[in-house]
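Quick notes on the structure that follows.
When reading the values below, keep in mind they use all heavy atoms of this one structure, side chains included, and skip hydrogens, waters and symmetry mates. A note on names: the letters A, B, ... follow the listed sequences, proteins ahead of strands, and every chain is numbered from 1.
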Protein chains: 2
Amino acid sequence: MSCQNFSMNNNSPTARNAAYYTEAAPILVAVDCIILGYDDDRLKLLSFKRKVEPFQNEWSVIGSFVNPSESVDDAAVRVLEEYTGLQNIFMEPLGCYGAVDRDPGARVISQAFFALIRLDEKEVQTVETHQAHWFDLSAVPKLILDHNQMVSDTLEKLYRKARYRPIGFELLPEKFSIPQLQNLYETIYGRTLDRRNFRKKILSMDILDKLDEKNKSSSRKGAFLYRFNQSRYQEMAEKGFDFEM
Amino acid sequence: MSCQNFSMNNNSPTARNAAYYTEAAPILVAVDCIILGYDDDRLKLLSFKRKVEPFQNEWSVIGSFVNPSESVDDAAVRVLEEYTGLQNIFMEPLGCYGAVDRDPGARVISQAFFALIRLDEKEVQTVETHQAHWFDLSAVPKLILDHNQMVSDTLEKLYRKARYRPIGFELLPEKFSIPQLQNLYETIYGRTLDRRNFRKKILSMDILDKLDEKNKSSSRKGAFLYRFNQSRYQEMAEKGFDFEM
DNA sequence: AAAAATAAGCGTTATTTTTACACTTGCACA
DNA sequence: TGTGCAAGTGTAAAAATAACGCTTATTTTT
């Protein structure tokens, strides 16, 4: 089982003739992208109705095979843009899913990524053209292949990551209130946090710029909106910090 | 550029005929394994002189193509055993290295793993039969392809991981003294730690069983040996903890 | 128009954790 | 027998975290 006409992007005789390469069995390589968003005080997963066989019309996360001309990371960026129209999105590698029979159609390994996006109005359009749906994370349906596993691995990773990176901001709109931010952390951590201590800690990090506007959607008094301070945020993200709460 | 005779492990007509699979370009998939050990108060990297072209006789970490009949994880375990004879070793996925031209010989993506091993006498034999060498991490030579990158990513990961998992034990012999353990952490963290506070913290975690023996190799007084308590250790490893120091 | 309800926001105290630091012990070797 | 060297112990100050009560702004109800 070999594949002689597989592309080589180097023509040195040594490399081309190396039995080392020609004896290896090629495998299909895919990327899959777990997209999380936060809306209506809930963490949500973006899923798509698959358009092709096999598993046509079943729910799945977005994915694609990796093209010979693109890196694995680039493939993930491409896929994300194809389905959501979004660029410059927070995305991180999640892991490699490489079980022999994970895909009954062929031997396919998948490098999974997870992306966090801000749910503004723009996205929604793109979503609708692709038969996509935002599922509340507590009500994710059966997805094809090992995609449910990818989703739970993403949550696990998000949970860990939130402790040492101010990751929450990737999910919130540009302007948000402290109670909104707290709610997000409570969702990720799966437990309630003390209002006063949360505020104190997040403000002491000095990554928030207070605005003069208020958001009145969730209370009578209204909560002041904040925006995060890009440069301070970068600093914190790089050096890491402790956000255990 | 396609590869029609690529193996399928499912014969359902739907799957076999799916253009979805047959149009995808297979890619070579490799695993690479970054093996770290700790000896003589130093973190070391296990490297091998590559036996095949291209890059014959250059230094590299161990690796192999993934066989159609094995999972990616299994391939990593196989490789580790082939080269070191060791089984049941701590090993974790490091990441996917998928740049288009990372390997001039062919389009190869590599899923890297890192393994931590305890350096007893046994290993050394296996190492010698494979033209291998333990390099002090401060003196790692130029390795082939992107293997140097993999090594530095491993160190980064080890550094982060050590903060919330008692990972150090994977590297020490069964019996070790507290100063030895401290030295390991100092090596990973790249800075010195306070003797008294280190001891206090590690003992308070209650994962160490004190033995009656002493290790006299590094001082006249001799340091008591400890062994880690498997069950307590597991608990800690699962729930995570904070070992910032 | 006053009262009730609701969530935002602020400040203090108690507790725990972390940091800093100095002296004593056991043993080998001179 | 005493000197050197790393192992080992205790304590106090500082910082971070956790717990908790009251006030404020606004809308809804009476």
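Applying the 4.0 Å criterion to OP1 and OP2 of D:dT9, one finds that B:R196 has every side-chain N and O outside that range. For the pair A:K221 and C:dG9, the criterion of a side-chain N or O lying under 4.0 Å from OP1 or OP2 is not met. The phosphate of D:dG8 has OP1 or OP2 within less than 4.0 Å of a side-chain N or O from B:R199.
Distance, B:L181 CG to D:dG8 C1': 15 Å, rounded to whole Å. To the nearest angstrom, P of D:dC20 lies 13 Å from CZ of A:R195. The distance between atom CG of B:L208 and atom P of D:dA7, rounded to the nearest whole Å, is 16 Å. Distance, A:Q182 CD to C:dA8 C1': 11 Å, rounded to whole Å. Separating the OH atom of A:Y226 from the P atom of C:dA8 is a distance of 12 Å, rounded to the nearest angstrom. Note: CG (A:L211) to P (C:dG9) measures 12 Å, nearest angstrom. Atom CE in B:M205 sits about 11 Å away from atom P in C:dT18, given to the nearest Å. Counting to the nearest Å, the P atom of D:dG2 and the CZ atom of B:R220 are 17 Å from each other.
With hydrogens and angles disregarded, a donor-acceptor distance shorter than 3.5 Å links the side chain of A:R232 to the backbone of A:M205.
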Salt bridge (Lys or Arg N to Asp or Glu O under 4.0 Å) between B:D136 and B:K44: does it pass, once the steps are laid out? CA-CA 4 Å; B:D136 193 298; B:K44 307 212 166 162; 5.1 Å; no

Please assess B:Y38 against B:N183 for the test side chain to side chain donor-acceptor pair (under 3.5 Å), listing each intermediate value before the final yes or no. CA-CA 10 Å; B:Y38 186 67; B:N183 184 293; 2.4 Å; yes

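Taking the six-membered ring for Trp and thresholds of 30 and 60 degrees, B:Y233 and B:F169 have ring planes more than 60 degrees apart, a perpendicular arrangement.
Checking C:dC21, D:dA18, D:dT9 against every side-chain atom of A:N197, the shortest atom distance belongs to D:dA18. Across D:dA7, C:dA8, D:dT17, the shortest atom-to-atom separation from the side chain of A:K201 is found for D:dT17. Nearest to the side-chain atoms of A:K214 among the listed nucleotides D:dT26, D:dA19, C:dC23 stands D:dT26.
Each of B:G222 and A:K210 was assigned the nucleotide of DNA chain C with the nearest heavy atom; the assignment lying further toward the 5' end belongs to A:K210.
Residues B:L193 and B:F198 share a closest heavy-atom pair of CD1-CD1, 3.9 Å.
Pair assignment for C:dA2 gives D:dT29, based on Watson-Crick or G-U wobble hydrogen-bonding distances that are each under 3.5 Å.
Counting any heavy atom pair closer than 4.0 Å across all strands shown, A:S218 reaches sugar-phosphate atoms only and no base atom. Residue contacts for B:K200: at a heavy-atom cut-off of 4.0 Å it reaches a base atom on one of the strands shown.
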